[in-house]
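To find a chain, count down the sequence lines: A is the first, B the second, and so on, and within it residues start at 1. Keep in mind the model is a prediction, meaning the values are calculated, not measured.
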Amino acid sequence: MWENIATVKKHIICLLHFTSILMKTKNILITFAVIIVIASGFYFFTNSSTPTVSPTTTKTINFGAVLALSGYAVTEGTQIKNGTELAKAELAKEGITMNVEYYDDTTDPKKSVAGVEYMHSKGITTIFGPTWSYQITAALPKIAEYNMMAFIGDTSSDVVEGDASQKSLLVHGISPTYQIEAPTAEWIKQQGIKKIAILTVDGTWGNVYTAAWKKAAEDAGAEVVLVDMFDYPSEPTTLPTLIIKAKSLHVDGIVWTGTEAGAIAMVKKMQELKYNVPVLGTVYIKQASDTGKITKGDSKLYEIENMSSQAFRDNYKKIYGTEPGAVAEPAYDLAMIAAHTELEKGAMTTQEYLLSKEHKGYASTYKFDKNGDVINHGWKIIKI
Amino acid sequence: MLPIPITFVLAILCTALFGYILERFLYRKLRAKKSTGSVMMIASLGVLTVVQAVIAILYSSNIQTLAGSSESISYFGITSTYVQVALVASAIIAYSFAYFILLRTSFGIQLRAISDNEELAITSQLPVAKIRLVATLVGITLGVTASILYGMDGSIDPYIGMNLLLKGIIAAIIGGVGSILYGAVGALLLATAETAAIWYVGGEWKDVVAFLVLILILLVRPTGILKK
């Protein structure tokens, strides 16, 4: 391959020399030189990882990761990557080499599809990611076409749209969304909430959470006075207005799911208005608080999250110097499970092996159902 | 961590230096080649893309916040934070300053002359390059001020510039291109329309309404609401 590149370069240089003799134009040379530099840079930077995949041996596994390492979902993408790298280090102690080829899809669904194509071209059949639900939905047909398996640490099956047979190729790290109904209903009753607002990002993720929270409110006897959705790029400028509207409707409890920017905008607006009703959110409120982007003050902030362990958080913080967030531990656990499944499944398919028993995580076990959901964890609500 | 006033000055100096480099080594050369407005716009979009990517590489794509208090004050039924008051006040000062400079100073008259007919301005021996450079640096100072206050009010990431740029263009078209005051009125109208859309229709309709207003203005009054 390197000889081919050298040959191509030689030809281009000869062409340049010939062209300069013929044309004697400085601009032509500069144009060609720029094209060579850009093309070479593109080639080398996108192929900086190991270009070939060696056949799987007893103790070496080759996986891929199509993650949002930039763009809107960079927070989860980075957490998933860090969790995967921790698993890699742990597996190395067991004498297992897990190679992971990373592809940054920049939170763009089109690039998520391209990432799956790239992994397929490398002979990889198991990937981690994509990151957000609509990216997974976009990439799912390609995953199915290539009969790959995707382990996704930050979703459940109900937020991904697609054919059931295609979705069976996905393994999820968090509990199904419908399981938030009971703890949320309990929280609403405990907080004495009578009028609730449900504010979510649009799309399947928001629809699923809205439906679950409506049910929870109904079970708790609270009236849903405001339901609104927003697209995530404009969330920081939309949420403040919705908070003012909630206050004008005398809402005494808010449930929210969105992005970190939205969490910051929402909490800041509530503090500005001294509107300290209880807020229950997913994923980002605690993270924004842990990283100092919001100060709690008099706010009553809660987060609903999956099972997590203090031991993992301490280990993660020791290595990365920051709190792990909600998805690093599931990502770690899924990476470990994926590796051991690859080595131990024998003649079974991955799905059959996953369904055959409970699988060990960092501080828990994982029991999967046929949808690829983990069904023995559930959700808990913590005060931030 | 440096105090905000020092950070503010350093930000202006660094951005001004970057602006000088762009003006001197990119835009001036494009103008010398008689590049059209479209070419200049594409070049600046290219610069925006590169700068976003470099910032994301150096500082990550993660959301960042600048030190800003949520302490608020209430007046006439309105609640605002001190940062928001500073934002509005600085906008009023900036518009007043720009209006005064453009209409009441020889520099402003020369700048408008260049904008109107650059070739005639060169023929009239106006120091075109120098005036453009000063205008660029003034614009950068205003932009940095707005950016810092925006970051203190909410959060920032490497990619927010494009959305804000788009809204700025829409506001200028609504009000009328060519006058900064018209742009200010256009911005107020746009913000009112968006907020009304969130309140009365739903959060998902915010950007839809913005573009519907733009299309309506372009159909009914393409020069802008205020521009004759």
Side-chain angles (χ1 to χ4, degrees), chain A residues 68-75 77-78 104 106-107 199-203 206 226-231 233-245 247-248 258-275 284 287-288 291-295 297-299 322, chain B residues 1 33 52-74 77-85 150-160 162-164 166-167 190-192 194-210:
Chain A
L69 301 177
S70 59
Y72 287 104
V74 64
T75 304
T78 306
D104 179 9
T106 71
T107 324
L199 307 175
T200 65
V201 286
D202 60 4
L226 175 62
V227 179
D228 215 317
M229 288 185 158
F230 36 81
D231 58 70
S234 63
E235 185 184 358
T237 50
T238 304
L239 261 180
T241 304
L242 292 175
I243 293 299
I244 296 171
K245 187 174 179 182
K247 190 178 180 196
S248 74
T259 64
E260 188 176 15
I264 294 167
M266 177 178 64
V267 172
K268 276 191 170 187
K269 195 65 185 177
M270 293 180 75
Q271 289 172 342
E272 174 190 319
L273 298 172
K274 295 183 176 51
Y275 179 43
Y284 287 115
Q287 180 162 304
T291 52
K293 291 171 191 166
I294 54 173
T295 51
D298 294 330
S299 304
T322 183
Chain B
M1 223 160 43
K33 292 180 192 301
Q52 284 179 346
V54 169
I55 292 173
I57 290 167
L58 293 177
Y59 299 104
S60 90
S61 303
N62 286 335
I63 300 288
Q64 307 286 348
T65 53
L66 303 180
S69 168
S70 292
E71 286 289 322
S72 56
I73 54 172
S74 295
I78 302 169
T79 303
S80 301
T81 63
Y82 290 109
V83 172
Q84 289 163 353
V85 171
Y150 184 91
M152 289 171 74
D153 186 43
S155 59
I156 52 174
D157 64 72
Y159 308 104
I160 61 167
M162 181 57 81
N163 199 39
L164 292 172
L166 207 54
K167 291 294 170 69
L190 178 62
T192 305
E194 287 186 339
T195 306
I198 296 168
W199 194 276
Y200 293 109
V201 186
E204 293 172 286
W205 290 89
K206 172 174 168 280
D207 289 336
V208 173
V209 165

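The two residues Thr238(A) and Gly203(B) have their closest heavy-atom pair at CG2-CA, 3.6 Å. Ile63(B) approaches Ala261(A) most closely through the heavy-atom pair CD1-CB, 3.7 Å.
The CD atom of Gln52(B) lies 11.0 Å from the OG atom of Ser70(A); values are rounded to the nearest 0.5 Å. Asp231(A) CG to Trp205(B) CH2: the interatomic distance, rounded to the nearest 0.5 Å, is 12.0 Å. Note that the CG atom of Asp157(B) and the OH atom of Tyr72(A) stand 6.5 Å from one another [nearest 0.5 Å].
Ranked by heavy-atom pairs under 4.5 Å with chain A, the list Thr65(B), Asn163(B), Ile156(B), Ile57(B) is led by Thr65(B). Chosen from Ser80(B), Ala56(B), Ser61(B), the residue pairing most often with chain A at heavy-atom distances under 4.5 Å is Ser61(B).
Between the side chains of Gln84(B) and Glu272(A), a donor-acceptor pair is found at a separation under 3.5 Å. Looking only at atom types and distance, the side chain of Lys206(B) has a donor-acceptor partner in the side chain of Thr237(A) under 3.5 Å away.
A donor-acceptor pair is defined here as one N or O able to donate and one able to accept, closer than 3.5 Å; such a pair exists between the side chain of Lys268(A) and the backbone of Gly154(B). Of the possible polar contacts, one joining the Lys245(A) side chain to the Trp199(B) backbone as a donor-acceptor pair under 3.5 Å is found.
Within the 4.5 angstrom heavy-atom criterion, atoms from both the backbone and the side chain of Ile244(A) approach chain B. No part of Ser74(B) comes within reach of chain A, as not one of its non-hydrogen atoms sits under 4.5 angstrom from that chain. Looking at Ala265(A), there are no atoms closer than 4.5 Å to chain B (heavy atoms on both sides), in backbone or side chain. Of the two parts of Asn62(B), the backbone and the side chain both hold a non-hydrogen atom closer than 4.5 Å to a non-hydrogen atom of chain A.
Side-chain atoms of Ser72(B) and Lys274(A), non-hydrogen and from C-beta on, do get closer than 4.5 Å to each other.
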